[in-house]
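Have a look at the structure below, then the notes.
Numbered from 1 within each chain, the chains take letters A, B, ... in sequence-line order.
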Amino acid sequence: MTFSKKLINWYSVNKRDLPWRETKNPYHIWLSEIILQQTQVNQGLPFYDAFITNFPSVFDLAAAEESEVLKLWQGLGYYSRARNLHASAKYVVNELDGVFPNTYKDLLKLKGVGDYTASAIASFCFNEVAPVVDGNVYRVLSRYYGIDTPINSSKGAKEFKALAQELIDVKNPSDYNQAIMEFGAIQCKPKSPECVVCPFQESCVAFNTNRIGELPVKIKSAKAKKKYFNFLVFIDDNGNTLLEKREGKGIWQNLYQFPLVESKSNLDADAFETELQAHDLVKGQAYKWSQYNKEPIVHKLSHQHLYTTFWVVNIKALKTEVIPVGRIRDYAVPILIGNFIESFNF
DNA sequence: AACCCGGGGCT
DNA sequence: AGCCCAGGGTT
């Protein structure tokens, strides 16, 4: 039996019941694939349900405000996915009369849809022979064929894509694509793969040469930089606080946060006092402050480790646009801020 | 080709 | 705290 036939058989027996497997609706599939980028099924599931409920059609999503989409995305991370999702929904509605693109080539024109996602939608919804190469596929193929080209190199990307193109079942591209990814997700796992009960054991190069733990090969990424964040949690005499929208290019674009003072290292009380006195929002006014967390909260992102301290600043009045503390949960915030809001007794 | 973009889980 | 996981976009 061919590799692809064997995979599809395995899939028919072992596949999980997942909501996006009950539909061929390209809008639903697109939504699920964007949510599942860099995200485990268990983490993405509740977000998929929430998006389907709040935006049943691409027209509903296109009609929403970006702030609403980001609020629903809160906690999932990689927020450019939400911004691109919303922009692409508007594109589909305004430029394509709400008709979803139905080829790999046209799907690629959507913001946030790259090679993997275009292949997934084209094959799942329209039976196009477009092989997917995601993290699972890299792992399965590198092990089964004993390929040690780094998967995150351009050479690796080409090599694995070409191999996937050869292997795909042209009669059933949808099931083949789903099968190889599902196999990587629940059988040929990164850690402790189930080789003992694997139907490919006999012909798997990595298993037979004892290299399961070494494959796939990946080029190490740079170490995360440390940053020191001080958030100013203002509370005025009328029960208002202050949030600012993050603009520009860095992390959390278009999300909200408490006014931020970045420092070179963790600030002690004296150093913070100096910073605060010089701050535009408090200059020349009476205030009282307290340090919310003694030890910095370490929030880890792929490329940054954020050593974070929340400073609660009581002040008579804020000379700028304020937010009643009761409204604070209306704003999309990074989970680091969200966790603080949930634990702080406003 | 190198770097940026979040968050969660496991040890 | 240190490690792993996982697509797309930008420079």
Side-chain angles (χ1 to χ4, degrees), chain A residues 30-47 70 72-88 104 107-121 130-140 142 149-158 160-161 164 177 180-182 184-186 188-193 212-227 229 246 248-255 257 295-308 332-340:
Chain A
W30 170 58
L31 203 45
S32 74
E33 290 301 338
I34 300 299
I35 287 171
L36 292 174
Q37 287 171 2
Q38 305 294 99
T39 303
Q40 309 275 10
V41 165
N42 283 340
Q43 194 193 354
L45 255 175
F47 288 85
L70 283 171
L72 211 55
W73 201 270
Q74 178 177 315
L76 197 51
Y78 286 123
Y79 296 93
S80 65
R81 291 184 292 171
R83 297 189 302 267
N84 288 335
L85 184 82
H86 184 230
S88 292
Y104 169 82
L107 285 159
L108 272 183
K109 294 174 186 164
L110 303 181
K111 279 188 188 172
V113 173
D115 181 78
Y116 163 76
T117 307
S119 302
I121 302 170
V132 292
V133 184
D134 75 339
N136 295 303
V137 176
Y138 279 124
R139 188 167 55 254
V140 172
S142 68
T149 313
I151 60 172
N152 53 347
S153 64
S154 51
K155 182 164 181 278
K158 281 183 203 146
F160 284 96
K161 179 82 177 179
N177 275 342
I180 191 167
M181 291 194 286
E182 188 76 341
I186 66 182
C188 193
K189 297 176 290 184
K191 302 276 177 193
S192 326
I212 285 288
E214 298 159 29
L215 295 171
V217 173
K218 208 174 192 178
I219 299 163
K220 290 257 190 295
S221 52
K223 234 178 59 181
K225 292 187 175 73
K226 290 184 179 180
K227 290 196 171 188
F229 278 11
R246 286 187 68 97
K249 310 217 280 184
I251 56 172
W252 303 330
Q253 191 184 121
N254 293 4
L255 273 69
Q257 66 182 11
E295 287 303 313
I297 296 164
V298 186
H299 187 70
K300 292 180 176 183
L301 290 59
S302 306
H303 288 75
Q304 299 177 34
H305 289 182
L306 309 178
Y307 290 74
T308 308
V333 297
I335 203 64
L336 172 64
I337 305 286
N339 289 342
F340 170 81

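Protein atom CG of Leu107(A) is 15 Å distant from nucleotide atom C1' of dG8(C), rounded to whole Å. Atoms OH (Tyr78(A)) and C1' (dT10(C)) sit 14 Å apart, rounded to a whole Å.
Checked by atom type, the side-chain pair Gln74(A)/Tyr79(A) shows no donor-acceptor distance below 3.5 Å. If you check the side chains of Thr117(A) and Gln37(A), you find a donor sitting under 3.5 Å from an acceptor.
Checking dC4(C), dG7(B), dG9(C) against the side-chain heavy atoms of Asn84(A) singles out dG9(C) as nearest.
Here Gln304(A) does not reach the OP1 or OP2 of dC4(B): none of its side-chain N or O atoms lies under 4.0 Å away. Of the side-chain N and O atoms in Tyr116(A), none sit less than 4.0 angstrom from OP1 or OP2 of dG9(C).
Residue-level contact check: Thr117(A) touches the backbone only, with heavy atoms under 4.0 Å from sugar-phosphate atoms and none from bases. Residue contacts shown for Asn42(A) are absent, as no nucleic acid heavy atom lies under 4.0 Å away. If you check every strand for non-hydrogen atoms under 4.0 Å, Arg139(A) touches sugar and phosphate atoms only. No engagement by Ser80(A) is indicated, since no non-hydrogen atom pair under 4.0 Å with the nucleic acid exists. Nucleic acid contact class of Lys223(A) (heavy atoms, under 4.0 Å, all strands): none. Gln38(A) comes within 4.0 angstrom of a base, heavy atoms only.
Nearest-nucleotide assignment on DNA chain C puts the 5′-proximal partner with Gln40(A), out of Gln40(A) and Leu108(A).
Not one N or O on the side chain of Arg246(A) forms a donor-acceptor pair closer than 3.5 Å with the backbone of Asn254(A).
For dG7(B), its base never sits under 3.5 Å from the side chain of Lys300(A) at any donor and acceptor pair.
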Donor-acceptor pairs under 3.5 angstrom involving side-chain atoms of residues 217-226 of chain A: please list them, not counting sequence neighbours.
none

